[in-house]
S.K.: 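Submitted below is the structure of interest, expressed as structure tokens.
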Amino acid sequence: MTRLAQTAGLNDIQREILSTVRDFVDKEIIPVATQLEHRDEYPTEIVEGLKELGLFGLMIPEEYGGLGESLLTYALCVEEIARGWMSVSGIINTHFIVAYMLKQHGTQEQKDTFLPRMALGEVRGAFSMSEPALGSDVSAISSKGVKDGDEYVLNGQKMWLTNGGTSTLVAVLARSDEGHPEGTAPHKSMTTFLVEKEPGFGEVRPGLTIPGKIDKMGYKGVDTTELIMDDLRIPANRVLSGATGRGFYQMMDGVEVGRVNVAARGCGVAQRAFELGVSYAQQRHTFGKPIAQHQAIQFKLAEMATKVEAAHAMMVNAARKKDSGERNDLEAGMAKYLASEYCKEVVEDAFRIHGGYGFSKEYEIERLYREAPMLLIGEGTAEIQKMIIGRRLLEEYRFQG
């Protein structure tokens, strides 16, 4: 284990899980990640290996075939996986959010139907809030589900689905005016629909089309897609929790834990960037000595390591707060904001240490340099995090005049 980003207070099971995951990352992910990323190839063998390790069911309760571990354990595993290749952690994280939403809000029938197969990785999850025209304004969602007998008919276009092609279960947020009269606040007229589908692209079930992979600057390998619903019919028992109008709160609950995991991804990528930077600085010579012996580089390494340590500590704090059952939107927002910003800065510093070689696709840091920006956007931009943090601070420090 490295000296940086250690976590105090872990039990033997947690340490064993993390050691196993780190060993898998070092042997099975890092050696092939850059090659697969350059080909934009889905990491099938890596995903199968994670299934065998039980990571798809890490937080799913034991009664449904999972390991029943904490959010902290999960976040630390995500940190290790992102250290190897961030795209793989995205595959796991999106699946986890859907499983978490089912565990917290699903009916007993929904839990019994999906969670055992999700724990095995047989059912893969994706969730869908965003649409082409709304960005961070979730209240502007225009996709709609209309009740028709024992079914709902869904229409609309969704955007930025991680696992859009490989998933078989998508949690879709859409408007549902049934039981919510005109004038109801937008966030109270939204419902989460559990949409089952076949993996792949094109029409994956009647009324549901996954057009294809979006070509991205980074975050390759994992499939990011659109989702188009055209009179898509789903049974009424596939409304999450069995009641309409709760979708916004359910999605925000999922996104809250997702922010902890995005913070963990930032920590993992930053750790890897530091490892690459400190290693290269000891190998590269200028003016008769390794560049690591130049004070300017030592200052840079010191700043990078401090940021890695600080981001990790905030991520661990946010995960532990959630595990305690307390509200953690403030801590999750802070962790996500800090970890993603620090990740970008640490990666850029490692890139600078590599000099011209950092611009070459032969060096791993080039991949990290393209991956880090996604963390600035995913699960809410820095501006959204600051809004959440600011509002919560005003609640906590209300002026008593």
S.K.: Determine yes or no for a side-chain-to-main-chain donor-acceptor pair under 3.5 angstrom, with K158 supplying the side chain and M129 the backbone.
M.R.: yes
S.K.: Are side-chain N/O atoms of T7 and H312 paired as donor and acceptor at under 3.5 Å?
M.R.: yes
S.K.: For S241 and Q250, does a side-chain donor sit closer than 3.5 Å to a side-chain acceptor?
M.R.: yes
S.K.: In this structure, which one of T192, I60, L194 forms a side chain to side chain contact (heavy atoms under 4.5 Å, CB included) with L102?
M.R.: L194
S.K.: What are the two closest heavy atoms between L161 and S128, and how far apart are they?
M.R.: CD1-OG, 3.5 Å
S.K.: Hey, are K307 and E345 close enough for a salt bridge, meaning a charged N less than 4.0 Å from a carboxylate O?
M.R.: yes
S.K.: Is there side-chain contact between K103 and P61, with at least one heavy-atom pair below 4.5 Å?
M.R.: yes
S.K.: Could you check whether any side-chain N or O of T113 sits under 3.5 Å from a backbone N or O of E109, counting only pairs where one atom can act as donor and the other as acceptor?
M.R.: yes
S.K.: Do the side-chain N and O atoms of T34 and E364 include a donor-acceptor pair separated by under 3.5 angstrom?
M.R.: no
S.K.: Might you work through the salt bridge (charged side-chain N to carboxylate O under 4.0 Å, His left out) test for D40 and K213, ending with a clear yes or no?
M.R.: CA-CA 10 Å; D40 198 7; K213 291 171 66 173; 3.4 Å; yes
S.K.: Do the side chains of D26 and R83 get close enough for a salt bridge, i.e. N-O under 4.0 angstrom?
M.R.: yes
S.K.: Given 3.5 Å as the limit, does a donor-acceptor pair link the side chain of Q6 with the main chain of L4, or not?
M.R.: yes
S.K.: Would you say N93 and Y74 are linked by a side-chain donor-acceptor pair, where the criterion is simply a distance under 3.5 Å?
M.R.: no
S.K.: V25 and V88: side chain to side chain contact (heavy atoms under 4.5 Å, CB included), yes or no, with the steps?
M.R.: CA-CA 10 Å; V25 168; V88 179; over 6 Å; no
S.K.: Testing the 3.5 Å rule here: is there a donor-acceptor pair between the side chains of T166 and R124?
M.R.: no
S.K.: Would you say the side chains of E203 and T209 form a donor-acceptor pair under 3.5 Å?
M.R.: no
S.K.: Mark yes or no for whether H354, through its side chain, and A350, through its backbone, hold a donor-acceptor pair below 3.5 Å.
M.R.: yes
S.K.: List the steps and the verdict of salt bridge (charged side-chain N to carboxylate O under 4.0 Å, His left out) for E196 and R238.
M.R.: CA-CA 9 Å; E196 298 172 81; R238 289 299 175 257; 3.2 Å; yes
S.K.: Do T94 and N163 have side-chain atoms, one donor and one acceptor, less than 3.5 Å apart?
M.R.: no
S.K.: Answer yes or no: does atom CD of E41 have more than 12 heavy-atom neighbours from other residues, nucleotides or ligands under 6.0 Å?
M.R.: yes
S.K.: Are I214 and M159 packed together at the side-chain level, in the sense that at least one heavy-atom pair is separated by less than 4.5 angstrom?
M.R.: yes
S.K.: Taking all non-hydrogen atoms of both residues into account, name the closest pair between S89 and R265 and its distance.
M.R.: OG-CD, 2.9 Å
S.K.: Within the 3.5 Å criterion, strictly below it, is a donor on K216 or T224 matched to an acceptor on the partner's side chain?
M.R.: yes
S.K.: I'd like to know if R22 pairs up with E79 as an ion pair, taking the criterion as any Lys NZ or Arg NE/NH1/NH2 lying under 4.0 Å from an Asp or Glu carboxylate oxygen.
M.R.: no
S.K.: Is it true that S176 and T244 share a donor-acceptor pair across their side chains at a distance under 3.5 Å?
M.R.: no
S.K.: Could you walk me through whether D231 and R233 pass the salt bridge (charged side-chain N to carboxylate O under 4.0 Å, His left out) test, one step at a time?
M.R.: CA-CA 6 Å; D231 289 338; R233 290 183 170 271; over 6 Å; no
S.K.: D323: what forms a salt bridge (charged side-chain N to carboxylate O under 4.0 Å, His left out) with it, not counting sequence neighbours?
M.R.: none
S.K.: Can a donor-acceptor pair be found, under 3.5 Å and without considering hydrogens, that links the side chain of Q385 to the backbone of G380?
M.R.: yes
S.K.: Just by distance, do the side chain of E326 and the backbone of K322 share a donor-acceptor pair under 3.5 Å?
M.R.: no
S.K.: Is the shortest heavy-atom distance from the side chain of Q283 to the side chain of P290 under 4.5 Å?
M.R.: no
S.K.: Answer yes or no: is there a donor N or O on one side and an acceptor on the other, between the side chain of S167 and the main chain of L169, under 3.5 Å?
M.R.: no
S.K.: Between E396 and R392, is there a side-chain N and carboxylate O pair less than 4.0 Å apart?
M.R.: yes
S.K.: Any side-chain heavy atom of W85 sitting closer than 4.5 Å to one from L36?
M.R.: yes
S.K.: With sequence neighbours excluded, what pairs up with R352 under the salt bridge (charged side-chain N to carboxylate O under 4.0 Å, His left out) test?
M.R.: E348
S.K.: Between S324 and K321, is there a donor-acceptor pair closer than 3.5 Å when you use the side chain of the first and the backbone of the second?
M.R.: yes
S.K.: Between R259 and E379, is there a side-chain N and carboxylate O pair less than 4.0 Å apart?
M.R.: no
S.K.: Hey, does the side chain of E131 reach the backbone of S143 with a donor-acceptor pair shorter than 3.5 angstrom?
M.R.: yes
S.K.: I want to check something: taking the side chain as every heavy atom from C-beta on, are E341 and L376 in contact at a cut-off of under 4.5 Å?
M.R.: yes
S.K.: Do S279 side-chain atoms and E275 backbone N/O form a donor-acceptor pair below 3.5 Å?
M.R.: no
S.K.: Does N237 reach the side chain of D150, with side-chain heavy atoms less than 4.5 Å apart?
M.R.: no
S.K.: Report yes if some heavy atom in the side chain of L301 is under 4.5 Å from a heavy atom in the side chain of I353; otherwise report no.
M.R.: yes
S.K.: Do the side chains of N317 and M334 get nearer than 4.5 Å, heavy atoms only?
M.R.: no
S.K.: Taking all atoms of both residues into account, what is the closest heavy-atom pair of D148 and V153, and its distance?
M.R.: CB-CG2, 4.0 Å
S.K.: Decide side chain to side chain contact (heavy atoms under 4.5 Å, CB included) for L18 and V21; before the verdict, give the C-alpha distance in whole Å, the side-chain angles of both, and the deciding distance to 0.1 Å.
M.R.: CA-CA 5 Å; L18 290 173; V21 172; 5.5 Å; no
S.K.: Looking at R327 and E331, what are the two nearest heavy atoms and their distance?
M.R.: O-OE1, 3.8 Å
